[in-house]
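Quick caveat, the model's predicted, so the values are computed rather than measured. We name chains A, B, ... by the order of the sequence lines, and we start the count at 1 in each one.
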Amino acid sequence: MMLIECPNCGPRNETEFAYGGQAHVAYPEDPNALNDKEWSRYLFYRENPKGIFAERWVHSGGCRKWFNALRDTATYEFKAVYRAGEPRPELNTQGGSR
Amino acid sequence: MADLLPEHPEFLWANPEPKKSYDVVIVGGGGHGLATAYYLAKNHGITNVAVLEKGWLAGGNMARNTTIIRSNYLWDESAGIYEKSLKLWEQLPEELDYDFLFSQRGVLNLAHTLGDVRESIRRVEANKFNGVDAEWLTPEQVKEVCPIINIGDDIRYPVMGATYQPRAGIAKHDHVAWAFARKANEMGVDIIQNCEVTGFLKDGEKVTGVKTTRGTIHAGKVALAGAGHSSVLAELAGFELPIQSHPLQALVSELFEPVHPTVVMSNHIHVYVSQAHKGELVMGAGIDTYNGYGQRGAFHVIEEQMAAAVELFPIFARAHVLRTWGGIVDTTMDASPIISKTPIQNLYVNCGWGTGGFKGTPGAGFTLAHTIANDEAHALNAPFSLERFETGHLIDEHGAAAVAH
Ligand SMILES: Cc1cc2nc3c(=O)[nH]c(=O)nc-3n(C[C@H](O)[C@H](O)[C@H](O)COP(=O)(O)OP(=O)(O)OC[C@H]3O[C@@H](n4cnc5c(N)ncnc54)[C@H](O)[C@@H]3O)c2cc1C
Ligand SMILES: [Zn+2]
């Protein structure tokens, strides 16, 4: 069970949250302009790094707000959490930032 | 002390130093990589082959899965490849000369909602059209096949019936890997463990070899069979895959007298159970929702799965969890695998089997070997190409695959 720091409510059990996959995937500005390859990238392709991943979570059992996190997919360690709409934070080499 | 130890039994395969070059290099020594090597040698006479494994043989998902084998998928394309795989399973113990305890004890896929019932009956009819053995059973008939199951209507998700595939079953997974490894090695394949692929050699848009922790190895052709690590390999090679890697957990109980004669699966409540030959109850859970390469998941997933299992099988209340573990499953958006050429010449990929690729081991090996040998897909895996995500010809098996196996 991971302890996840909601930017609004503070640390809560993983079971209060739902996962939203890769963060910062914008809806295409002009979907009609996309060719099949580009459209397939938007629909079906998401990053899948072994390491730091910018991802979305929603605090369903609390404030019900979406937010973003930087998490290491190999160790499951949260490196940063930040509000939806905020840019992806830079991690310092120590790996800690909030 | 040392002289009291018995002599080491005969090794099933040699552990050679890697050669400078091979006709074909296969990345990943799980079931799929080993089966591919076996069929390359047996069906195509290509024996100058190496299987490179970063850890030990079958240390990935191959020896972490719950070993359910079946072919009762919905669509024609899936029936084609999974049924071929099941037919290969039926002949493999003899062909590989290895008794890996393949046991066709049948599988029940339970329905708990009206939606489940409709989807299940549709799937049974589709299976029959495709020559896959399938029946729809009422709750009473379910109880006849599996007497320990609770078909009372006072549980949270009562059993409203089940699909039944009598030819489905289980096998002993690590022995399956060893059986393929031994036969492939006998035909000349080099099996190289502790050899991690860290990069690819390319000449323009053509792959010419791999960089590994045991040196550079040149190759005429390279095939990726890295399961949970497929995206990592593809990135090193310079192309993308529509894959997300997730933790998937399973567990066993202590050993019991035989109580459970078949395999029971429930997509709806995320549990599937069989009893291994030795006697332990083997149960699998749903995936952990987040992306993860940690080969571990959260305990609340196990707790939910146990709660569901105990409601379905009240006698399990007295059993204990002996061990839990996790693997890394490579999921696709349509819950179907990818066995395909790639944008890079002479580079082939087999991945995306997600939570259900153990049953596909022979089928994956058979079709990937054909694809490598002919630089062209076999009719059975042609629909499972990477292009389907662009053409829109998805093979949506969420109903038959979902979280389950
Ligand atoms: C808990 C669990 C239960 C499951 N239950 C079932 C089931 O009941 N029925 C079913 O059909 N399927 C099931 N599956 C799915 C099945 O296990 C997989 O789909 C299948 O094993 C994948 O093929 P594989 O055996 O080749 O994978 P793996 O055994 O994972 O092989 C991939 C190998 O590639 C190696 N590798 C990765 N990167 C590199 C590199 N850079 N260099 C060299 N080697 C590398 C890995 O070390 C690994 O050994 C389950 C999976 C899990 C985790
Ligand atoms: Zn909150």
Side-chain angles (χ1 to χ4, degrees), chain A residues 1-6 11-25 28 31-61 66-81 88, chain B residues 54 196 198 226-236 239-247 249 286-304 326 328-336 338 343 351-352 354 385-396:
Chain A
M1 171 93 61
M2 299 188 293
L3 194 60
I4 302 178
E5 179 115 12
C6 171
R12 294 287 191 279
N13 282 344
E14 177 190 336
T15 43
E16 292 188 15
F17 298 82
Y19 189 59
Q22 186 184 340
H24 310 297
V25 181
N32 292 317
L34 301 190
N35 62 29
D36 287 352
K37 180 173 176 181
E38 290 162 340
W39 187 239
S40 84
R41 291 306 182 271
Y42 171 67
L43 282 184
F44 302 121
Y45 283 72
R46 292 293 178 271
E47 286 169 21
N48 188 25
K50 183 176 186 176
I52 303 297
F53 189 35
E55 60 188 19
R56 305 186 310 158
W57 290 86
V58 59
H59 192 187
S60 338
W66 285 92
F67 60 95
N68 295 331
L70 296 182
R71 190 181 54 96
D72 187 323
T73 61
T75 62
Y76 303 169
E77 193 186 341
F78 279 83
K79 301 291 191 183
V81 293
R88 174 179 173 149
Chain B
K54 74 176 158 91
E196 179 171 354
T198 55
H229 279 82
S230 295
S231 300
V232 176
L233 287 166
E235 197 183 341
L236 288 173
F239 73 105
E240 297 169 299
L241 285 171
I243 296 282
Q244 298 282 288
S245 297
H246 289 278
Q249 305 183 76
I287 58 168
D288 284 67
T289 54
Y290 47 83
N291 290 25
Y293 286 88
Q295 287 186 322
R296 63 194 165 81
F299 197 70
H300 69 263
V301 175
I302 301 279
E303 283 180 315
E304 278 164 23
I328 314 166
V329 295
D330 42 337
T331 61
T332 58
M333 291 275 194
D334 63 356
S336 286
I338 298 165
C351 65
S385 69
L386 260 178
E387 282 83 51
R388 77 175 185 271
F389 297 96
E390 288 172 26
T391 61
H393 290 108
L394 301 181
I395 304 162
D396 180 1

How about A/Thr15 and A/Asn13: does a side-chain donor come under 3.5 Å of a side-chain acceptor? no
Pair count under 4.5 Å, heavy atoms only, with chain A: among B/Thr289, B/Ile243, B/Asn291, highest is B/Asn291
Can you list everything that forms a side-chain hydrogen bond (donor to acceptor under 3.5 Å, both in side chains) with B/Ser231? Sequence neighbours excluded, please. A/Asn48
Please determine whether the number of non-hydrogen atoms from other residues, nucleotides or ligands lying under 6.0 Å from atom NE2 of A/His24 exceeds 12. yes
So, the part of A/Phe44 with a heavy atom under 4.5 Å from chain B: the answer is both
Heavy-atom contact with chain A under 4.5 Å, split by part of B/Leu394: side chain
Considering only heavy atoms, which portion of B/Glu235 lies under 4.5 Å from any heavy atom of chain A: side chain, backbone, both, or neither? neither
Can you label the angle between the A/Tyr19 ring and the B/Tyr290 ring as parallel, tilted or perpendicular, going by 30° and 60°? perpendicular
Do you know which of B/His229, B/Glu387, B/Gln295, B/Gln244 has the most heavy-atom pairs with chain A at a distance under 4.5 angstrom? B/Gln244
If you count heavy-atom pairs under 4.5 Å between each of A/Ala74, A/Pro49, A/Gly51 and chain B, which one has the most? A/Pro49
Pair listing, salt bridge (charged side-chain N to carboxylate O under 4.0 Å, His left out) test, anchored in residues 32-41 of chain A, at least two apart: A/Arg41-B/Glu240, A/Arg41-B/Glu390
